[in-house]
Each structure stands twice: as structure tokens, then as C-alpha cells.
J.: 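Right, I'll just put the structure down here and ask away after.
Proteins get letters first, then strands, A, B, ... in listed order; numbering begins at 1 in each.
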Amino acid sequence: MARAQKTQNIKKISPLKKSDVKKAPMITTYDPKKIESAIQKKWEKEKPFKAFSSAKTKKKPFYALSMIPYPSGTGLHIGHPRSYTATDIVARQKRMEGFNVLNPMGYDAFGLPAEQFAIQNKVHPKKAVAMNVATFERQLKKLGLSFDWDRKINTTDPEYYKWTQWIFLKLYNSYYDTKKQKATSIESLISIFEKRGNKDVSAYASGEVQEFSKQEWLQMTPLQKQETLMRYRLAYEGIAEVNWCEELGTVLANDEVVDGKDGPVSERGGYPVTKKNIRQWFLRITAYADRLLSGLNEIEWPEHIKEIEKNWIGRSEGAEISFKLDIPGQSENKHSVKVFTTRADTLFGVTFIAISPELAQSWIDAGWSPDVSVARYTKQTIQEHQKATFDATQKKTGVYTGVYAKHPGTGENIPVWVTNYVLPGYGTGAIMGVPAHDERDFEFAKEYGLPIKNVIDPVYIRPDVIARTDFTKKHKVVSLVEAPDGKILTMNWGPKLGGRLLLGGTIEKGETPEQTALRELKEETGYVHGDIVSVSEETFDYKYFATSKNVAYQALTRFVHIKLRDLEKEEASLEENEKGLFKVEWVSKEHAKKEIVEVLHLYALDLYAFQTPFCGEGVIARSGEFSGLSSLDARKVIAEAVGGTLVTRYKMRDAIFARQRYWGEPVPLYKDAQAIIHEVKKLPLTLPNTASYEPTGTGEGPLANIPAWKKGGYETNTMPGWAGSSWYYLRYMDAANKKKFADEKEIRYWKHVDIYLGGGEHATGHLLYARFWHKFLKDYGLVHTEEPFKKFVAHGMILASDGRKMSKRWGNVVNPDDVINIYGADTARLYIAFMGPYTEAIPWSEESIVGSRRFIERLYKKGLRVNAENTTKTDLSALKAIHKLIQKVSLDIASCSFNTAVAKAMETMNILESASISKKDFSVFLQVLYPFVPHVTEYLWSQWNKEPIHTSKWPRADKKYTREENVTIGVQINGKLRGNITIPFNSSEDSAKKHALEEENVRKYIEGKTILKVIYVQNRIVNIVIKP
RNA sequence: GCCUAGGUGGUGGAAUGGUAGACACGUGACACUUAAAAUGUCAUGAACGUAAGUUUGUGCGGGUUCGAGUCCCGCCCUAGGCACCA
């Protein structure tokens, strides 16, 4: 899974300089190598971390899981252990709390890197994987992680991928019943077809399937039936445009493609990526879109990861509306174009229809013959689309098709344009252009001079008047006055009276807004040569509170846009009480935008000076009988009134389930001579051996090079890298089972992963796919929870000490082997836990790690001393510290705040070092530290305890010792700290006050002053407020 | 452009609206030592002060509060995600 590096030759990396090695503390008596290897040998022999199967224990289950690693050729780097040690800390603590803990490890070894490695080094991928796994395992074991090694899995093992294939076949043999909201066997769909065709069938399908009757179904040839069923199966074969990488000779998933300098390139290698149509296997993940979305509500995942999945699924509710087409030379009413919109409320603002070039091409293919220039544009733009991923900054282009569409509301003729900015794959490939209320349509309309029709009026209610009902109604104008040099006229009222505003005014009886605007211009500023450019048709409803007059106004406002011919001026005729209240100032429109804060004035500025569309919610206007509705309500009403249908769309696409590669799970299907697909009955269908697993470059997988395979009609693509990792956590529940992927009893017992730790970068890949498979298996009663991972915590990256990502390119990779050699595994683990918050990216520091080592040395020395002194007396201060530590560590492990748990342990150590302490009480300290530094604590523990530490009971904090007797609290005067007092815990207000007022430094401050009040927060603070 | 998370000493970082900088690294001084390392003790945000102490200080500007790193408004910067999804 963590396959970030490009696999190259295995080469020992030693980033630690000689000078660093010197910094390692001198070993006195503590010898981690000796202790750790002895303890690890014992673990290897006694297997204390074996998880019990459900029948063999009465303990409650707890399943802690680290993401399965991809065993790359370079071995572990120091980033890997971050999630492994975290999982290990949780697992060890949960065991002591009495749970039957499952903490397994395995390898996900199919995929590109192993294959690249094999090609470059001329070794079979199987051998390369075995080598890499051996390296990984040696390194993992040196870290002292408490895995149940008996449950180890490897996704490339035929005994494992047999079940990956088995699940694939189950998907292939299923469709999604939209009424029951679950996967159902394809057999039952066939029997429905046999009884009544596909009319009213509640089955999720790709695209629109033509309706057929019972008879028609029965008359279909086997091949036709196969093709029809392919539209419904959850694993299906189809043709799709994919990301094709010529250099790698393979198709790439969207998340494997990144933006390069000249268009998209492969994440691995940086080779150019183009679009290509190719035959593919897909998984119909879109059938589960809603459940994948709603399931997020029931899991404890980081919000940002949920957000990423939410955006990726991209649910949007909208409407499909048909526009009848008027094609020159063809009879009317025959053709129509369907658009998808989430803003059906803006329907009356439509001034053009925009279609994707791909849709235009399909019309041409169906017999439409447009002007040559239109056909040429269509072809060109399709080619552009195929070359690159979409770029939002690209200029919008388009041509008029000569076709008109009839507006379903007004009956008006609306031009249809082919454009480059409509996406072919989303919605219907056609949109209604509403430039007044959509930024993209606005940009396009500006470019081609298309009309802009405003049909949503914003509603402005200032928050300070929201609750009021006593409005005085007034008709007003707001004028945007432009000087010949483009500057904007503003009135600066100063900070108290509303700051900078545009020119406003009240419409007197019998006046038009234009007249009002010009009159006010003259009266307030003296300018006389203004020309009216435009007046808003719409009246904006603006409720505000005039502080100076103490009145709430409902201002029904019209906008007026005025341009001055020149700056000629007469005397302004201000009323006496207005004089000197404001200054007339000319500013740039950008300046105005910055300083004007009134929303309505800003809107006038946006509309006239910046000319940006209004995309928010408001009131429907100039839309016939719908005017006056709120835009939210109007969505549904207007869509239905014009015969549209409400639909839900998703951004997420079906997942391509194929790689044109050798090193993957074979697809267990074959085609006979008639191209009929059959299942492979005996699983696993093993990957055949071959010497040439290089890509064919044709789009077929390397398996096509094997004559016997090809002859057998087998699929030449293999499954993608994420196939094996989509269900591996279930295999751990019963890894040795030969008959099932896991026994029913074990699945019921373990249920799901309780805590899953790994990288957040898998949010839209592995994590989403695993959730999908889990839901699918649940539909068949094979698992019993809706979600596979109850809690997920994403670790932060460990950066190199230079703050960059660790990479061979920079030569800054830290190898855990080196760290363990110098400092020992316990120190490495402790430092990884201590270095910072688990979820944050933190640079590795060769300087700071010595602190962790020093702590362990002190612990070790104290342990030996405790053993030698053998006292029964423990100082009260030590007991208190230990019991507070129990509290803190228990809480911190539960919330993955390992760094603060370690800090508290260090604090405790500082107290214990100089205290007298009994073996019994020191044992408690060892227990609490055990999850972090298991070797040294187990070693010390076993000096005087018979029972093993890992089965000892997690200690509980005794209230007797955690309760405080005295507290030292601060005394503030007017919020500033002036002294401390130590008073009994939970002191009364009176006694605290008394002590506070007696404090020496405090007395200095209050002498001769009047005390206004005293605030006392128990056990926190005393604040004395005095008259300054 | 949009969404999400952040911005605290020389460094990693800590802090339920209540004594900012816990813990650790580094640095300085001292002890031990022929010496160095290791270890131990003390100090360590900045400025002023012999000191007691004072001022100032959690990206910037405002606000709420007896009291703001924490809450609210606006801005700047960094990281991650999405990016013509109608």
C-alpha cells in the first residue's frame, strides 16, 4: 500500500553521518541490543501475542489494524513504524485491559513496483517479492511489534487470491436492486426478465437500457443476453475512455495520474498520459454511492478524510429538462436535447444551450449535417479533450450550431452552441446557459456577446434586523457613478456613520429612479453632466437599521448606473443637517470593493463595475407565474412545471478493475469460441509462469503473450493493485481457513476493525474500495456490519530532518535499522511516539532522539536500584505522580495523543528518580510504560515479578492519590497576573479572596484603590477588578 | 477559484475561555575529571533592571469578556484535498 518510492536496486542506505553516531549516549549498563534480542527471542518462542479464535476465549474482541504494507525493494523507512508503533501501543494496552486483541500483519505485493523491479533486474516478481518480504519482516521484528505472526497473509499467495477471485465472481453474478437497496443474484434478475421483461425492474444499470418484453428477452441470442446483463452486473465488461500511458503500456486510474508541465503524466515515472478507448472490466461502485455517503455518518473518522470522500462521491441533486430542437431542414418537434442542472430555478434566465463536442459528434453520427465549420470545431475540440485532462483556466470557446431550442417555459427560440467547457461524462453532456447566475456561462456569454438575463434577485437582510417586524417602507436608489477615467464616486461617511458608501437617495413621489439618481447626484455632489447607462429592472429588497434615526427600514432599491461626461460641477445644495457629514471621494473600483461594507452597495459594484454574476440564493423574478418564489423552493416547482425530472447525480465513476499487467490476480473468466463468458469453476485460477511479462503495448496485458492462456480464452488483463487490499482485514479474522474466506463464527466475533491506522492519502482509493466491498459482502450476509473500519486515524508523515519528504532522490531517507543499531528499538519507538502529535507531519531529528534514550537509561537505572534497595516504603509524592500518570496515559492512548502521554511519563520519572519506591509500586509505573517501551519494561518487570507483564492487568488510578489537597492559583488584577497563592483544593470564595488580598505583591497594587469586584474560579484563578 | 486543517521560544511541541511556553532537544554556567565524553545541578521567550520586579509577547487588524493562543468578524501566509461536475 505505501508504495511511494520507485523500486530500484536494493542498496543499503546509511544517512547517519559518523558525527551523529558519536552523539549516541555512552552505554553504561543499559544494553538495548542484549535486552531486546533476548526478549524478542522469548516472544518468538512463546507467542504471547497470539489472538484467540472465538471458540477458545471468553474475552471481548478488539481488532487493531495497521494498513497492509507494500513490501518495496528498499525496505522499511522510518515513516512505516509510525502507524505500526501506534497500533502496537493500542494493542498492548488493550490486551492488558483484558481484551482478546487481533493485531495482524501481512503483505500486499501485487502491482507495478514489483513488476518494474522484476523487469529491470531480470528476476521473477515472485522471487523479488519473497526477498522484499524477508527484509520487511526482519525489520518489523526488530521493532518489537506485537503482531500475531501466525495470521500473516500475502495477497500474491494463490491461497489468498483464490478468495479475491471468489469475491470478484460474486460481484459478477450480482446486480443492485434499487428498491431493496442491496446486491442481489443475477439469476433472480434473469428470472424476472423471463417472466416480464425489464419493464419496471428495480435494477441499477449503466446508461439507459432499452425496454424489452418477456418475449423479446426469450428471443435474444445468448450473446445479446450477455450484453444486456452486462448493463446490470456489479462486475462488468465495457468500453471506456481511460488514461493511457504509452511508456508504461498500461491504463492508469485517475489517482495515478498527476498534472505535469505539458498536460497529465503518470504519477510513477512522469510519462505522458493520453485518453484512449479500451475494453475494460469495471466494478459498479456507483450503485453504492448513497450508502458510501451515508455510512460516513456512523464511523469515527477524521473529518477531513470524510470530506474528501464526500467530495469524491460528489452527490448533487438536480433536474433533467428537455428542450425541443428546431434543426434547419428537419421537421420540428422530432428531436430534443436534455440538459442537467442543479439550478432549475434559473430556467427563465437561459439565453443559450451549450453542448459538449462529444454530444455534437453523436448527433452528426446520427445523421445531423451541420455547417462545415461546426463539424470541424467539433472534431478539433474532441481531440483536445482526449489529449488532456480538463483545465479550469483554459479559455472557453464555442460555435453556434445553427440549431435552435425551444424554451419550455416561454416558447422562445434559444441558440444551441457547441463548446469546449461542457464535460461529456457528467450529466447529459448538455447544459442550459444562464450567464446571469453561473460564472462559467457568464464568461462564455461575455466572450460571444450573448444576452444576460437576471432572474434571481438577492435578498438582503442585515443580521441586526433579522428579528424585527417594524419596518418603515421606502423606495430608494443606489447609484454607481463612474468618472471618465473609470474611477468610482463614493461618499465617505466616516467610521461611525457607515464608512464608505456609494451615492444613495430616496425616490420622491412622481419621480422615476433615473430622475432621483440625477437629482441626488447634483444635490449631494454638484456634478451635473451624468448620463444614465442603465437602471436595474429589479427592485432589491434591503432591510437595515439606521442608527442615526433609530428606524428600521425596508428599502425597495433600484440600481442606477451613471457615467459622467466630464467633471463640471455646480454648488452642491445640501441641507443644513447634512453638511460636513461626508466627503465625496473618487476611488478605483478595486479600492471601493475593499472599503465598502454594505452588501447592497457591493452588489451594485459587482454588477456594474465588475460585472460578475450572482450565483447565490434569492427570490425568483421576471419568470412569469414563478416570480416571487424563493430560489430554493422554485428548483422543484419550475422543473416539474416544464416536464423535467428530478435526478441525483454523482461525480464518482465506476471503478476500472483491470491492469494491462502481468503481476496481478487473474480474472477467473474465459470466453468460448462464440464469445460467451464462462466462470472458472475451480479457484484459484493461478497466474501462469512466463519469462516475458513485459507489456504488449497494445492495450492487452502481457498474459496475451502466453499462447496457452490466450487459447483458453482467458482474460489477459489482471486485477488492479487495490483488489487484494479491499478485503484483507477479513482474512486476518481466520487466515488459515481452507474452505471459506473466513469462518462465519469468526466474522461474527470480530465484527469489524475497531481501530485502523494508516495513511490518509488512501481516502479515495483503498479506503473507499474496501468500504464498497464490505457493503457488498454484507448484502449477502457474509459480514454483519455496514462499515469495515469503525475508527480510522490518519498518521502524519515523518519528514526528513531538512523538512522535505524522505526520498532517495534527496538522499535523506532514515532507515529504522540504523536507528535501532545506535539507540535500540525501545528508543526508536519512544521517540516516534513522543516527537509530536500523531496526525501531524513532523521532521525526524537526529538531535532530539537522544532525549528518549536518556529517559530509558534513567528508567533502567532506577529499575535496578528499586530491585536492589527492595524497600516496601513508597513516598507519597511518587504514588501521587504514578496514579496521575495512569489517568493521563489511559486517556491519551484512547485518543492517540501518544506525545503527551510520554511527556507525562517523563515528568513522572523526574519525580520518581529521587523518591523512595517499592517494587510493587514501581511495577505499576512499568506497566503504564510497557505499551511504549515493551523490551526494557518487560526486562525490569521480570526481575521481581513472576507473572508476565503483558498479561498483567492494566492499572487503575486510585482517587486517593489523584485528588489534590492544595492548589497554587494565580491572582490577577484587572486581568494581569500579579501573584500566586496556594490554597486548599476546592476553597470557598471567601477564603480564596481573603488569601488573594493578603498576597504581598497584590497588596501593593490594591492599596488605596477601590475594588469593583472579585472574580473567583474555583481551583483556577482570582481576578480582582479595581478602579484604575 | 472553492473546500478542509493549521500558524505558539533557537528547534519539536504543551495548554476543558482562567498563572502561555508542560515535556524534550539545543544553548550557557557550574560540579565531577589530568582532560574530553558521559552524567549531575542550575538557568534559558524578548526588552529593561544588581535585585525585587516591570513592560511586552501565541501570523496581522478589529471585536466580545473581569479575563482570549483558545470565541466572533476581516485579512495575510503554509499544508492537504477538489478543480469548467452546471
J.: Where does G9(B) fall, syn or anti, if syn means a chi angle no more than 90° from 0?
T.: syn
J.: Do the side-chain N or O atoms of Y421(A) get closer than 4.0 angstrom to the phosphate oxygens (OP1, OP2) of A86(B)?
T.: no
J.: Is a donor-acceptor pair below 3.5 Å formed from side chain K651(A) to base C82(B), judging by atom type as modelled?
T.: no
J.: Just to be sure I understand the rule, does S852(A) reach a base, reach only the sugar-phosphate, or reach nothing, if contact means heavy atoms closer than 4.0 Å?
T.: nothing
J.: Across the strands shown, which category fits F834(A) at heavy-atom distances under 4.0 angstrom: base, sugar-phosphate, nothing?
T.: base
J.: Could you work out which one of A14(B), G18(B), A86(B) sits closest to the side chain of I431(A)?
T.: A86(B)
J.: With a non-hydrogen cut-off below 4.0 angstrom, is I1015(A) in contact with a base, only sugar-phosphate, or nothing?
T.: base
J.: Do N1023(A) and C66(B) share a donor-acceptor pair, side chain to base, under 3.5 Å?
T.: yes
J.: With a 4.5 Å limit on heavy-atom distance, are the side chains of V889(A) and F932(A) in contact?
T.: yes
J.: Strictly by Watson-Crick or wobble contacts shorter than 3.5 Å, is anything paired with C48(B), and which nucleotide is it?
T.: G53(B)
J.: Tell me, yes or no, whether the heavy-atom count around K636(A) atom NZ, taken from other residues, nucleotides or ligands under 6.0 Å, exceeds 12.
T.: no
J.: Base, sugar-phosphate, or nothing: which does P302(A) touch, judged by heavy atoms less than 4.0 Å apart?
T.: nothing
J.: Taking only the side-chain heavy atoms of D438(A) (C-beta and beyond), determine which of C66(B), A86(B), G18(B) contains the nearest atom.
T.: A86(B)
J.: For K904(A), report the nucleic acid contact type (base, sugar-phosphate, nothing); a contact means any heavy atom under 4.0 Å.
T.: nothing
J.: Is R978(A) near enough to G53(B) that one of its side-chain N or O atoms lies under 4.0 angstrom from OP1 or OP2?
T.: no
J.: With heavy atoms under 4.0 Å as the rule, sort Y1005(A) into base, sugar-phosphate or nothing.
T.: sugar-phosphate
J.: Do S316(A) and Y426(A) have a side chain donor and acceptor closer than 3.5 Å?
T.: yes
J.: Measure across P837(A) and N899(A) and return the closest heavy-atom pair with its distance rounded to 0.1 Å.
T.: N-ND2, 3.5 Å
J.: Side-chain N or O of R854(A) less than 4.0 angstrom from OP1 or OP2 on A24(B)?
T.: no
J.: As a test of reading the structure: which of A24(B), A86(B), G18(B) is closest to the side chain of Q972(A), going by heavy atoms?
T.: G18(B)
